[in-house]
Amino acid sequence: MKVFVVGANGQIGRILVNLIHESKLHTVKAMVRKEEQAEVLKKRGVETVVADLKGTVNELAEAVNGCDAIVFSSGSGGHTGFDQTLLIDLDSAVKMMEAAEKAGIKRFIMVSALQAHNRENWNETIKPYYVAKHYADRMLIQSNLTYTIIRPGGLLNEPGTGQISAKENLQRGSIPREDVAQTIFISLDEENTFNRSFDLISGNTPITMVLKAL
């Protein structure tokens, strides 16, 4: 399938784009915000589109045209105000869902946050971020899309181990971004992850085995 990666210039997005581009299973179309970002990817032979998440649903539907799946791994980042959190992590995520439905795309993977589904466990210092993730996830669950919601713990810039723990509810934990990207990649056509959501941290079991046992 052709996979549309939202947030392709982010840390997880870059790893995922590389995984898909180098694989023989799928092809990738990377969405970035700036032309110079697109040029770097195009030089490597990666199909790229420059688009703005703050654009209209019609514009986003045009960007995803021809794809079979969407991975939403974009985020407002830790250096913006909570207004951008609302606009990117919630509204833009929902607009991308609407764009998927408009373009006839069924498969949608959301990168969320550990325990975003449990209000009692939200980090008070970044509570608006969890609110945005929580309601974006709920909108995805209520859509007609074949979704997977992955809620990783603290993200690490360490080499992946290929071993994870994934369950509906997990306590605090961390995970290398490489392992998050691998989990997304394997989830794309692992039917056991269809219409499922789960927390994700490092563990002692290979990713494929964990996803098949969800």
Side-chain angles (χ1 to χ4, degrees), residues 1-77 84 86-112 132-133 135-150 180-191 193-197:
M1 68 179 81
K2 179 179 282 190
V3 183
F4 189 86
V5 178
V6 183
N9 197 54
Q11 294 186 75
I12 292 173
R14 287 196 297 266
I15 299 169
L16 180 62
V17 167
N18 288 339
L19 278 174
I20 301 172
H21 183 59
E22 293 170 4
S23 80
K24 296 181 180 179
L25 295 174
H26 309 298
T27 57
V28 64
K29 185 176 184 180
M31 175 178 161
V32 294
R33 291 186 297 112
K34 300 177 181 178
E35 192 61 48
E36 53 265 36
Q37 296 169 343
E39 288 302 318
V40 172
L41 289 166
K42 288 175 181 176
K43 287 178 181 177
R44 295 175 38 229
V46 176
E47 183 179 354
T48 309
V49 61
V50 177
D52 191 342
L53 281 172
K54 295 178 183 178
T56 67
V57 171
N58 284 341
E59 289 169 342
L60 294 173
E62 184 176 339
V64 303
N65 187 45
C67 294
D68 307 293
I70 294 174
V71 175
F72 192 94
S73 65
S74 188
S76 56
Q84 293 302 306
L86 182 67
L87 291 172
I88 301 300
D89 295 277
L90 177 53
D91 188 49
S92 292
V94 175
K95 284 195 294 185
M96 189 56 68
M97 298 171 206
E98 295 172 1
E101 292 178 329
K102 193 175 187 68
I105 298 170
K106 294 294 293 183
R107 189 78 178 101
F108 198 108
I109 296 181
M110 174 75 79
V111 180
S112 184
K133 290 294 187 185
Y135 286 100
D137 293 351
R138 285 180 65 167
M139 290 296 291
L140 180 55
I141 290 169
Q142 293 169 13
S143 73
N144 293 319
L145 300 168
T146 302
Y147 68 87
T148 301
I149 299 171
I150 299 173
V180 177
Q182 283 280 3
T183 300
I184 296 168
F185 179 73
I186 295 171
S187 294
L188 280 166
D189 48 11
E190 171 50 66
E191 293 187 5
T193 70
F194 290 8
N195 298 323
R196 302 287 295 273
S197 56

key: Exam field: side chain Lys54 to backbone Ile88, donor-acceptor pair closer than 3.5 Å   = no
task = Count the heavy atoms of every other residue, nucleotide or ligand shown that sit under 6.0 Å from CD of Glu191, and state whether that count exceeds 12.
result = no
key: Considering all heavy atoms, the nearest Leu90-Ala136 contact   = CD1-N, 3.5 Å
request  = Taking all non-hydrogen atoms of both residues into account, name the closest pair between Met1 and Ala69 and its distance.
outcome  = SD-CB, 3.6 Å
request  = Measure the spacing between CD1 of Ile149 and NZ of Lys133 and express it to the nearest 0.5 Å.
outcome  = 10.5 Å
key: With Glu62 via side chain to side chain contact (heavy atoms under 4.5 Å, CB included) - residues at least two apart   = none
inquiry  = Suppose we screen for side-chain hydrogen bond (donor to acceptor under 3.5 Å, both in side chains). Which residues come up paired with Asp52, at least two apart in sequence or across chains?
reply    = none
query = Can you tell me how far the NZ atom of Lys2 sits from the OG1 atom of Thr27, to the nearest 0.5 Å?
reply = 5.5 Å
key: Side-chain (Thr48) to main-chain (Leu41) donor-acceptor, under 3.5 angstrom   = no
note = Here the gap from Met97 atom CE to Leu60 atom CG, rounded to the nearest 0.5 Å, amounts to 12.5 Å
query = Can you tell me how far the CZ atom of Arg138 sits from the OG atom of Ser197, to the nearest 0.5 Å?
reply = 12.0 Å
remark   = Scanning both residues in full, the closest heavy-atom pair of Val64 with Ala99 reads CG2-O, 4.2 Å
request  = Please round to the nearest 0.5 Å and tell me the distance separating atom CD1 of Ile150 and atom OG1 of Thr183.
outcome  = 6.0 Å
What donor-acceptor contacts under 3.5 angstrom involve side-chain atoms of residues 4-16, with partners at least two apart or in another chain?
unit_1	atom_1	unit_2	atom_2	d
Gln11	OE1	Asn157	ND2	3.3
Arg14	NH1	Asn9	O	2.4

inquiry  = Just so I know, are the side chains of Val32 and Val50 near enough to count as touching, which here means a heavy-atom distance under 4.5 Å?
reply    = yes
inquiry  = According to salt bridge (charged side-chain N to carboxylate O under 4.0 Å, His left out), who are the partners of Glu35, at least two apart in sequence or on a separate chain?
reply    = Lys42
Pairwise distance CD(Glu98) to CD(Glu101) - rounded to 0.5 angstrom = 7.5 Å
pair Met31-Leu53: side-chain heavy atoms closer than 4.5 Å = yes
key: Minimum-distance pair of heavy atoms, taken over all atoms of Met110 and Ala93   = CE-CB, 3.9 Å
query = Partners of Tyr135 by side-chain hydrogen bond (donor to acceptor under 3.5 Å, both in side chains), sequence neighbours excluded?
reply = Arg119
message = Would you say that Phe185 contacts His26 through its side chain, given a criterion of any heavy-atom pair below 4.5 Å between the two side chains?
response = yes
key: CE/Met139: more than 12 non-hydrogen atoms of other groups inside 6.0 Å   = no
Give every donor-acceptor pair under 3.5 Å between a side-chain atom in residues 102-109 and any protein atom, sequence neighbours left out.
unit_1	atom_1	unit_2	atom_2	d
Lys102	NZ	Asn58	OD1	3.3
Lys106	NZ	Asn144	O	2.5
Arg107	NE	Leu188	O	3.0
Arg107	NH1	Thr146	O	3.0
Arg107	NH1	Thr148	OG1	3.1
Arg107	NH2	Thr148	OG1	2.8
Arg107	NH2	Ser187	O	2.8
Arg107	NH2	Thr193	OG1	3.3

